[in-house]
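Numbered from 1 within each chain, the chains take letters A, B, ... in sequence-line order.
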Amino acid sequence: GAVVSQHPSRVICKSGTSVKIECRSLDFQATTMFWYRQFPKQSLMLMATSNEGSKATYEQGVEKDKFLINHASLTLSTLTVTSAHPEDSSFYICSARALTTGIDEQYFGPGTRLTVT
Amino acid sequence: QKEVEQNSGPLSVPEGAIASLNCTYSDRGSQSFFWYRQYSGKSPELIMSIYSNGDKEDGRFTAQLNKASQYVSLLIRDSQPSDSATYLCAVNPPANRDDKIIFGKGTRLHILP
């Protein structure tokens, strides 16, 4: 299957600072990438859909000014958590959509565990 | 209104038996269907995709799709303790909807040694 990487895998930051998470599709081009958040023992929660070269579409209740998404190329999307607070501590997971003839699949990165102190 | 429904479990299955996971979806025109496995503390991993009615087999896994009844299932034969995980069903809505794949909340599977 296709490979999606995320960096960093873990990050600890102080309250009020910003953190950038990178998501890359390594062996395919992804016109669409997705950002999810998952709290312990809870379901995946979609935060936003990111299309290359256009503004991200945020889900209801997700602050677009706090969670900045940039999809600069067909292989890279970034999520910046601005002015982080302890309640932003979570597992952030990106995914990339691989769309070719007859195939439409979504692959996840390994996730980034964010801890805000 | 939930669009993809799964029993949350836990579903306990003895080692070596067949585990059967089920999922129903609401959008009749949905195009593609997926099963992901998620271990605790890890991200989801795509294990099966199915696009047409019937069965699709891959090793110990068989996905079954019935579009008329709007359900998709996953069978795991010869269940192993390493199969213990949460299994997420996902559905790609009709082509005139946005790009989002819709996930169920997952079924926790526990294989009893």
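The number of heavy atoms from other shown groups lying within 6.0 Å of NZ (A/Lys20) does not exceed 12. Applying the 6.0 Å contact sphere to NE2 of A/His85 captures more than 12 heavy atoms from other residues, nucleotides or ligands. At most 12 heavy atoms of other shown residues, nucleotides or ligands fall within 6.0 angstrom of atom CD1 in A/Ile12.
Nearest heavy-atom pair across A/Ile93 and B/Gln38 is CD1-NE2, 4.4 Å.
With hydrophobic clusters built from ILVMFWY side chains whose heavy atoms lie under 4.5 angstrom apart, A/Leu76 does not share a cluster with A/Phe34. No single ILVMFWY cluster, assembled from side-chain heavy atoms under 4.5 Å apart, contains both A/Leu74 and A/Trp35.
For the atom pair OH of B/Tyr36 and OH of A/Tyr107, the computed distance is 7.5 Å after rounding to the nearest 0.5 Å. A/Gln106 contributes atom CD, which lies 12.5 Å from atom OG of B/Ser49 (distance to the nearest 0.5 angstrom). A distance of 5.5 Å separates CZ of A/Phe91 from OG of B/Ser43, quoted to the nearest 0.5 Å.
Distance alone, capped at 3.5 Å, places no donor-acceptor pair between the A/Arg97 side chain and the B/Ile101 backbone.
Using a 4.5 Å heavy-atom cutoff, the side chains of A/Leu46 and B/Lys100 are in contact. Contact annotation: the side chain of A/Phe108 never approaches that of B/Lys42 to less than 4.5 Å [non-hydrogen atoms, C-beta and beyond].
When the salt bridge (charged side-chain N to carboxylate O under 4.0 Å, His left out) test is applied to A/Arg37, no partner is found at least two apart in sequence or on another chain. Partners of B/Tyr87 under the ring-ring contact (aromatic ring centres under 6.0 Å, His included) rule, at least two apart in sequence or in another chain, do not exist in this structure.
Proximity to chain B is absent for every atom of A/Gln6, based on heavy atoms less than 4.5 angstrom apart.
Chain A forms more heavy-atom pairs under 4.5 Å with one residue of B/Gly41, B/Ala90, B/Ser8 than with any other, namely B/Gly41.
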